[in-house]
Structure formats: structure tokens, C-alpha cells
Amino acid sequence: QVGNIMGNRAARNISTIDREDLKFLKEKTKFDEETLETFHTCFIQDSEDGKMSEEEFSKKFQGTFCAGRNKEEFSAHIFQALDTDGNGYIDFREFVLGLSITSAGSREDRLRWSFGLYDTSKDGVLEFHEMVKVVASVFSLFGDCEVGNGNITSAEETANEIFTKMDVNK
């Protein structure tokens, strides 16, 4: 249900989406005007001044998307990936662009976004310790994770397997 993406409390400052933002997002995403207006209404209800701090995002993200334990670290990684200008806030454009990429983006766009999620230092280089950190935060959401032939794996083992398969700089 689209209206439940970031909450569904009574509107405190519902406004229509800025025409420039609407035009930009219609060009850059696969969302139609009605969907963008709905997203905007939900975003405005759940944000202060049309932007969302990491603390606000964390509360909403954890309440909406996470059922496990240790949710804070993973939501911080998602926030960092969405905050593309690095100003410490997610604005409506950043939110919708992230949502679009992760839900309807091309394979290349989703891979690029995922790279940004794992590149926690934002230096354009994916390092092993960054991969371990994000994989561990994912594992902490769901507890132990069984892979392959049913063996329990650690975040380090999983990160090592990913690096072994994907590292082009071997």
C-alpha cells in the first residue's frame, strides 16, 4: 500500500509537490504524477520542513521495514546511501530516486546504488571491511543466516565469498 510507505498519521502540512520536482522526478523515474503526489504527501507527513534527518528516517525505517534486532546500524547504511548530497538529510527527491532505483531501476542502476550502500566511506572504493560491516548489519536484522548447503556463515565469510566472485582487481 503506497500510503503506508513512511507512515500514515494525520496530515500536518500536506502540500502538493513542487512543479520543478514533479517534472524532474517524472523524467528520472517510472512513477506517474499521482504516485509521486501520494509519495510526497506521506513524506511531508513524516518529515520536518520537507527533509528527513537520520534520526527521523531511522525511526520510520525501523518501524516500517525492520522486524529483527539491531535495526539502527542497517537503517544508518540505508540513510547514507539515500543522502546522495551528504548534507545529513534526505529530501523528497533523494527519497524518491532511491525508491525508484531499488524498486524499478535497471540492473546497472541497482548495482550502482548497492555499491553506494556498501561503500560506507564514500571514497569510490569498496573495501573488505566495509562489506563486512554492511553484511553484519543485515545479518543482525535476521539473526544467523543459512546459505548454500545449510551451513551457518559469518559476515566475514559472506563478504569474502562476494569479494572472491566479484573482485576484478585480483
Side-chain angles (χ1 to χ4, degrees), residues 1-9 12-18 20-33 35-127 129-142 155 159 162:
Q1 184 71 254
V2 170
N4 290 328
I5 286 185
M6 291 301 288
N8 202 10
R9 79 180 112 119
R12 61 173 182 247
N13 184 21
I14 297 179
S15 62
T16 58
I17 187 172
D18 176 79
E20 184 180 318
D21 283 344
L22 180 62
K23 181 180 178 198
F24 175 84
L25 292 170
K26 281 175 64 177
E27 290 173 3
K28 301 289 182 186
T29 72
K30 295 179 181 175
F31 299 128
D32 62 23
E33 185 169 343
T35 302
L36 290 168
E37 288 284 359
T38 301
F39 287 165
H40 187 258
T41 298
C42 294
F43 188 84
I44 292 299
Q45 288 175 359
D46 292 329
S47 64
E48 296 292 329
D49 303 323
K51 58 187 179 183
M52 195 172 291
S53 69
E54 185 172 350
E55 182 179 338
E56 290 173 302
F57 176 80
S58 182
K59 286 178 187 174
K60 291 297 175 184
F61 181 86
Q62 292 175 45
T64 304
F65 295 103
C66 298
R69 59 188 197 281
N70 300 328
K71 303 173 269 191
E72 296 82 8
E73 189 173 351
F74 187 68
S75 68
H77 293 305
I78 298 294
F79 180 88
Q80 186 180 28
L82 290 171
D83 181 20
T84 56
D85 63 7
N87 70 352
Y89 293 93
I90 298 171
D91 62 30
F92 181 65
R93 278 190 184 193
E94 290 171 319
F95 175 73
V96 172
L97 289 172
L99 187 60
S100 176
I101 289 168
T102 58
S103 66
S106 68
R107 181 179 177 160
E108 184 175 322
D109 287 341
R110 289 190 318 261
L111 285 170
R112 190 176 295 115
W113 191 88
S114 295
F115 182 90
L117 174 67
Y118 286 93
D119 181 21
T120 59
S121 65
K122 301 298 180 209
D123 63 0
V125 177
L126 187 55
E127 298 181 36
H129 73 275
E130 293 172 312
M131 177 74 71
V132 170
K133 186 176 184 178
V134 176
V135 169
S137 71
V138 172
F139 280 12
S140 73
L141 289 175
F142 305 106
I162 293 168

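These numbers come from the heavy atoms of this one structure, side chains and all, not from hydrogens, waters or symmetry mates. Just so we're clear, the structure is a prediction, and the values are computed from it rather than from any experiment.
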As an exercise, state the distance from CZ of F24 to CD1 of I17, rounded to the nearest 0.5 Å.
11.0 Å

Within the side chain of K30, is there an N or O that forms a donor-acceptor pair under 3.5 Å with the backbone of G105?
no

Identify the two heavy atoms, one from W113 and one from A81, that lie closest to each other, and give their separation to 0.1 Å.
CZ2-CB, 3.7 Å

For the CD atom of E108 and the CZ atom of F115, what is their distance to the nearest 0.5 Å?
13.0 Å

Distance check, rounded to the nearest 0.5 Å: D32 atom CG versus L22 atom CG?
10.0 Å

Return the minimal non-hydrogen interatomic distance between M52 and S47, and the atom names on each side.
CE-CB, 4.0 Å

Donor + acceptor pair across side chains of Q80, T120 (<3.5 Å)
no

What pair of heavy atoms forms the shortest contact from S137 to V134, and how long is it?
OG-O, 2.7 Å

Would a 4.5 Å heavy-atom cut-off, applied to side chains only, mark L82 and F57 as touching?
yes

For V125 against E130, the heavy-atom pair lying closest together:
O-OE1, 3.0 Å

How are the rings of F95 and F43 set to each other: parallel, tilted or perpendicular (split at 30° and 60°)?
tilted

Report the distance from atom CD of Q45 to atom NE2 of H40, rounding to the nearest 0.5 Å.
11.0 Å

Rounded distance [0.5 Å steps], NZ in K26 versus OG1 in T35
11.0 Å

Is there a donor-acceptor pair under 3.5 Å between the side chain of S114 and the backbone N or O of R110?
yes

More than 12 heavy atoms of other residues, nucleotides or ligands under 6.0 Å from OH of Y89: is that the case?
no

Would you check if L36 and T38 make a side-chain contact, meaning some heavy-atom pair closer than 4.5 Å?
no

If we ignore hydrogens and angles and just use 3.5 Å, is the side chain of E94 paired with the main-chain N or O of D91 as donor and acceptor?
yes

Look at the side chain of S100 and the backbone N and O of V96, then say whether any donor-acceptor pair between them is shorter than 3.5 Å.
no

Please tell me if the side chains of F92 and I44 come closer than 4.5 Å, counting only heavy atoms from C-beta onward.
no

Rounded distance (nearest 0.5 Å) linking atom OG of S58 with atom CD1 of I78
11.5 Å

Would you name the heavy atoms of L97 and K28 that are closest together and state the gap between them?
CD2-CB, 3.9 Å

Hey, are the side chains of K133 and H129 touching, using non-hydrogen atoms and a 4.5 Å cut-off?
no

Could you pull out the closest heavy-atom pair between S103 and F31, with the gap in Å?
OG-CZ, 4.0 Å

